[in-house]
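Presented below is the structure to which this report refers.
The sequence lines fix the lettering, A, B, ..., with proteins before strands; numbering per chain opens at 1.
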Amino acid sequence: MNNQQISKIFNNMADLLDLKGENVFRVRAYRRAAESMGSLAKEVSLLAPDELGAIPGIGKDLAGKILEFIQTGEIAHYEALKREIPEGVLELLEIQGLGPKTAMRLFKEKNVKSIDELEALIQSGQLAGMPKIQKKTEENILKGLERRRRGTERRPLGQVLPAAEAIVRRIKENGAVDRILLAGSLRRRKDDVKDADILTTSRDPQRVMEVFVGMPQVERVLSRGLTKSSVILQDGLEVDLRVVEKDSFGAALQYFTGSKAHNIKLREMAVRAGLKINEYGIFTIAEEKRLGGREEEEIYAVLGLPFIPPELREDRGEIEAALDNRLPNLVKLEDIKGDLHVHSNWSDGSHDLISLVRGAEEKGYRYIAVTDHTKGLGVAHGLDEKRLREQIKAIDGANKKLRDLLILRGAEVDIRADGSLDLTDDILARLDIVIASVHSGFKQSESQMTGRILSAIRHPYVSIIGHPTGRIIGEREPYPVDMEAVLKEAAHYGVAMEINAYPFRLDLNDHFIKMAKDLGVPLAVNTDAHVISHFDFMSYGISNARRGWLEARDLLNTLETVPLRRKLKACTDRKKNGT
DNA sequence: GCCGTTTTCGGCCCGACTGTTTTCAGTCG
C-alpha cells in the first residue's frame with residue numbers, strides 16, 4: 001500500500017517543516033496532501049503521472065515527490081529533513097499540550113531527542129525555569145506524558161456512543177439546557193473516535209458547566225470556561241462541551257460536526273461568494289450582515305446547497321455532489337428487512353432458533369439467516385456435515401410454524417489457508433445462503449490472502465464474504481489483501497460483501513464500502529449476532545453504510561424475501577454456468 | 001505548496017482557552 005506510506009511521509013514532513021518554523025500554509029499543504037493520499041480509492045502507483053496532479057491538494061511539486069517515492073522507495077527531501085531533525089523529536093508532538101514551538105526549543109536548547117530524554121530532563125529539574133516554561137507548563141507536560149502512557153488510541157464508535165449519550169442525558173436532566181446534541185466525529189458516526197463533542201444552548205451556562213465538570217465519571221478537568229469546557233473521564237476519554245447562543249446553534253452544530261476538511265471547503269466556497277462562516281453564523285463580509293445560523297440547514301442553503309447528512313461530511317466529493325444535486329438518498333435503519341448473519345446455540349451463539357425468531361420479529365424483520373460456524377472453527381463448536389443436516393431439518397420444521405418470518409438455512413464457512421472451504425459442496429448446495437469468512441492464517445502475504453478470498457468468491461455456493469478485512473478496531477489490523485481485486489471479482493460474480501455491524505469490526509469500512517458501490521458490488525449489513533441484544537448493532541452497520549454513500553438499493557437485505565432468494569440463487573447459477 | 005467565473009500572484013478557515021506576560025504566543029479543534 002504505497003498510498004498509506006506516502007500519506008505517513010507527508011504527515012511527517014508536515015511535522016518536520018512545522019518544527020522548523022516553515023510557512024504554515026506550506027505545512028498545511030503537506031497535511032492536506034497526506035489526507036488526500038490516505039483516502040484515495042486507487043492505488044497511487046497505478047495512476048498515470050498526469051492523473052497525480054488531479055488529486056486534490058497535489059500539485060506539481062508533490063506529484064514529483066510521489067513519483068520519486070514510487071520509483072526509488074524514498075523521498076530525498078524527507079531524508080534531508082530527518083537528518084536535520086531526529087525522528088524522536090516528532091514523538092514529542094504526540095504529547096498533548098506540547099506543540100512544535102516547544103518541541104523545537106527542547107531539541108535546540110536542551111538536546112531533547114525523544115520522550116525518554118524529556119522525562120529525564122524533567123526528573124533533573126531542568127525543564128521548569130526555561131524562559132516561558134514555568135511550573136504550570138511543566139505540570140501540563142507531565143499530564144500529557146501520563147495521558148500518552150495510558151493510551152489515547154481511537155476507540156470504536158460502539159464503545160463511545162453509548163457513553164456520550166449517557167452524558168447527554170445527565171446534562172439534560174440536571175443542566176437547564178434547551179437544545180443538546182452530539183457533534184464531531186460521533187455525529188458523523190465515524191467508526192472510530194478520539195473524543196466526544198457535545199453542543200448545547202442554555203440560559204444558565206454556568207450551571208451547565210458545573211453539572212458537566214462535576215459528573216462522577218470525570219477524572220480531570222482540562223479547561224473550564226463559560227462557552228467551552230473539556231474533561232477527561234476515568235476511562236481516558238476526552239469530552240468537550242460547548243454552550244452556544246440559540247441563534248447560533250445551527251452554525252455551531254455545523255462547525256463542530258466537521259469534518260475539518262469538509263468545513264474548510266465550505267468556508268472557501270463562502271469566501272469566494274463574499275460570505276464568511278464561523279460558529280456563530282453565516283455573514284456577508286462587506287456589511288457583516290447575518291444571513292443565518294439558528295438552524296444547520298441555513299448554512300448550507302445560503303451557499304446554495306441542500307442539507308448534507310453528517311455521515312457524508314468528509315470532503316470525499318459530497319460538496320460537489322450536493323452542488324450537482326446528486327447526493328445519495330442514504331439507506332435508513334427502517335429499510336432493513338432482515339439480518340443475514342446470525343449465530344445460534346448450535347455453534348457459539350447463546351439462543352435457540354425460536355428465541356432468535358422472537359428477537360427478529362421484534363425488529364419487524366421478514367427473515368433471518370442462521371449462519372452458524374462450521375467445523376473448521378473448532379473453538380466455536382463449528383458444525384460438521386452431519387450436525388448441519390440436523391440443523392437444516394430443525395429450521396425447516398420451525399419455518400412450517402412461522403407465518404410472517406422466514407429462517408434462511410445458512411452457514412458461515414471457513415475459508416481455509418489454501419482457499420478451499422471447510423464443508424463439502426453437497427451440503428452447501430442445500431443451504432439458502434453461504435457466508436465465507438477468514439478466521440485463521442492472518443499472517444499470509446497479500447497475494448496469498450487475496451488469492452484465498454478470490455477462490456471463495458468463485459466457489460459456486462458462496463453468496464457473501466464475511467467481515468472481508470478481518471480488522472478488530474483498536475486490536476487487530478486488517479489482514480493484507482488487494483481489496484480492489486477482490487471487489488472486481490465480487491462484482492463479476494454478484495457475490496456480496498458484508499458490512500459486519502459488530503461495533504469492534506465495522507468491516508468493510510466506509511472507504512471500501514464506497515469503492516464496492518462504485519464497482520457495482522452488492523453489499524449486506526449483518527450484525528453477526530451471538531446474542532439477541534446484538535440485533536441492536538444493526539444501527540452501527542447502517543451508519544457505516546451511510547458513510548459509504550449507500551442507498552437502500554445497494555443492499556441485499558433491504559429486499560423482500562422473494563427477490564432476495566431470487567438474487568441469491570442467481571448468483572449461484574451464474575457461477576455454476578461458468579459465466 | 002496549492003490554486004484560480006474576481007487572481008498565474010497573493011491569498012490561504014476561524015476562534016477559544018491557557019499560561020506567561022502587560023498585549024500575546026502557543027496549542028487545539
Side-chain angles (χ1 to χ4, degrees), chain A residues 10 13-15 17-19 21-36 52-66 77 92-106 128-141 143-144 152 183-186 193-199 205 209 221-231 238-244 248 251-252 254-283 285-286 299 315 323:
Chain A
F10 282 171
M13 288 182 79
D15 281 342
L17 294 168
D18 207 2
L19 285 164
E22 279 278 356
N23 180 309
V24 290
F25 298 109
R26 191 172 174 217
V27 172
R28 190 184 296 168
Y30 275 87
R31 286 201 209 290
R32 176 147 186 257
E35 186 115 344
S36 211
L52 284 179
I55 302 171
I58 306 291
K60 207 171 162 216
D61 184 275
L62 292 180
K65 290 193 165 70
I66 292 171
H77 185 195
L92 300 178
L93 299 177
E94 293 167 20
I95 301 164
Q96 204 176 34
L98 199 161
K101 295 285 185 286
T102 315
M104 204 53 183
R105 282 189 58 209
L106 288 170
M130 285 174 69
K132 292 193 178 175
I133 297 182
Q134 298 303 315
K135 191 137 193 116
K136 202 80 184 203
T137 304
E138 181 183 75
E139 273 172 28
N140 281 338
I141 290 175
K143 282 175 185 169
T152 57
S185 52
L186 273 180
V193 293
K194 196 164 87 341
D195 53 18
D197 291 296
I198 304 173
L199 191 70
M209 290 307 185
V221 178
L222 286 177
S223 68
R224 179 180 176 173
L226 273 182
T227 65
K228 183 195 166 180
S229 296
S230 298
V231 300
E238 180 173 332
V239 186
D240 298 341
L241 176 71
R242 290 180 174 83
V243 182
V244 301
S248 300
Q254 197 289 318
Y255 179 61
F256 290 116
T257 296
S259 67
K260 196 171 180 173
H262 173 90
N263 285 355
I264 287 177
K265 191 162 256 183
L266 279 190
R267 283 165 184 229
E268 285 168 355
M269 268 181 75
V271 169
R272 281 200 298 276
L275 302 168
K276 183 178 81 164
I277 304 173
N278 57 28
E279 58 259 57
Y280 301 108
I282 182 161
F283 307 86
I285 294 175
I299 306 294
D315 189 21
L323 278 168

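- Among all heavy-atom pairs drawn from A:G184 and A:D197, the shortest one is CA-OD2, 3.7 Å.
- In this structure, B:dT8 forms no base pair with any nucleotide, since neither Watson-Crick nor G-U wobble geometry is met with both distances under 3.5 Å.
- Within 4.0 Å (heavy atoms only), A:L98 reaches sugar-phosphate atoms of the nucleic acid but no base atom.
- For the pair A:E94 CD and B:dC28 P, the computed distance is 12 Å after rounding to whole Å.
- Residues A:L241 and A:V231 fail the side-chain proximity criterion, which asks for heavy atoms closer than 4.5 Å.
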Using a cut-off of under 3.5 Å, enumerate the N/O to N/O pairs linking the protein to nucleotides 17-20 of chain B.
unit_1: B:dC17; atom_1: OP1; unit_2: A:T227; atom_2: OG1; d: 2.7
unit_1: B:dC17; atom_1: OP1; unit_2: A:K228; atom_2: N; d: 3.2
unit_1: B:dT18; atom_1: OP1; unit_2: A:R224; atom_2: N; d: 3.1
unit_1: B:dG19; atom_1: O3'; unit_2: A:T137; atom_2: OG1; d: 3.1
unit_1: B:dT20; atom_1: OP1; unit_2: A:Q134; atom_2: N; d: 3.0
unit_1: B:dT20; atom_1: OP1; unit_2: A:T137; atom_2: N; d: 3.4
unit_1: B:dT20; atom_1: OP1; unit_2: A:T137; atom_2: OG1; d: 2.8

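- Residue-to-nucleotide proximity on DNA chain B shows that, of A:P56 and A:D197, the 5′-proximal contact is made by A:P56.
- A heavy-atom distance below 4.5 Å is not found between the side chains of A:Y255 and A:I299.
- Here B:dT5 is in the anti range [glycosidic angle more than 90° from 0].
- Distance A:K265 NZ to B:dG4 C1': 14 Å, rounded to the nearest Å.
- A:L93 places its CG atom 8 Å from the P atom of B:dC28, with the value rounded to the nearest Å.
- With A:S36 contributing its side chain and A:P56 its backbone, the two residues share a donor-acceptor pair below 3.5 Å.
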Dump every N/O contact between nucleotides 12-14 of chain B and the protein below 3.5 Å, one line per pair.
unit_1: B:dC13; atom_1: OP1; unit_2: A:R28; atom_2: NH1; d: 2.2
unit_1: B:dC13; atom_1: OP2; unit_2: A:E268; atom_2: OE2; d: 3.2
unit_1: B:dC13; atom_1: O2; unit_2: A:R267; atom_2: NH1; d: 2.9
unit_1: B:dC14; atom_1: O4'; unit_2: A:R267; atom_2: NH1; d: 2.7
unit_1: B:dC14; atom_1: O2; unit_2: A:Y255; atom_2: OH; d: 3.3

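- Distance noted for atom C1' between B:dC28 and B:dC13: 14 Å (whole Å).
- Sorted by first then second residue, the salt bridge (charged side-chain N to carboxylate O under 4.0 Å, His left out) pairs that include residues 129-140 of chain A, not counting sequence neighbours, number zero.
- Contacts of A:V271 classified as side chain to side chain contact (heavy atoms under 4.5 Å, CB included), with partners at least two apart in sequence or in another chain: none.
- Note that the CG atom of A:D15 and the CZ atom of A:R31 stand 4.5 Å from one another [nearest 0.5 Å].
- For the pair A:R31 CZ and B:dC28 P, the interatomic distance rounds to 11 Å; values are reported in whole Å.
- Within the 4.0 angstrom heavy-atom criterion, no nucleotide atom of any strand lies near A:L17.
- Across every non-hydrogen atom of A:D195 and A:E238, the tightest pair is CB-O, 3.1 Å.
- In this structure, A:M104 atom CE and B:dA25 atom C1' are separated by 18 Å, rounded to whole Å.
- The C1' atoms of B:dG10 and B:dT23 are separated by 29 Å, rounded to the nearest whole Å.
- Comparing the same atom, C1', in B:dC12 and in B:dT6 gives a spacing of 16 Å after rounding to whole Å.
- B:dT20 and B:dG26 have their P atoms separated by 14 Å, given to the nearest Å.
- Protein atom CZ of A:R272 is 8 Å distant from nucleotide atom P of B:dG4, rounded to whole Å.
- Within 4.0 Å of A:S230, counting heavy atoms only, lies no atom of the nucleic acid at all.
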Take A:D240 and A:F256 through the side-chain contact (heavy atoms from CB on, under 4.5 Å) test and state the conclusion after the steps. CA-CA 10 Å; A:D240 298 341; A:F256 290 116; over 6 Å; no
Determine all donor-acceptor pairs shorter than 3.5 Å in which one atom belongs to a side chain in residues 273-282 of chain A; sequence neighbours excluded.
unit_1: A:N278; atom_1: OD1; unit_2: A:Y280; atom_2: N; d: 2.8
unit_1: A:N278; atom_1: OD1; unit_2: A:G281; atom_2: N; d: 3.2

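- Of the candidate nucleotides B:dC3, B:dG1, B:dG26, B:dC3 has the atom nearest to the side chain of A:R32.
- Spacing between B:dG15 and B:dG4 at atom C1', rounded to whole Å, works out to 27 Å.
- Taking atom CZ of A:F256 as the reference point, atom P of B:dG29 lies 12 Å away to the nearest angstrom.
- When the C1' atom is used for both B:dA16 and B:dG11, the distance is 25 Å, rounded to whole Å.
- As rounded to whole Å, 13 Å separates atom P of B:dG26 from atom CE of A:M130.
- Of the C1' atoms belonging to B:dT18 and B:dT5, the separation is 44 Å, rounded to the nearest Å.
- Applying the side-chain hydrogen bond (donor to acceptor under 3.5 Å, both in side chains) test to residues at least two apart or on different chains, the pairs with a partner in residues 257-266 of chain A are A:R187-A:T257, A:Q254-A:N263, A:H262-A:Y300, A:H262-A:E318, A:K265-A:D315, A:K265-A:E320.
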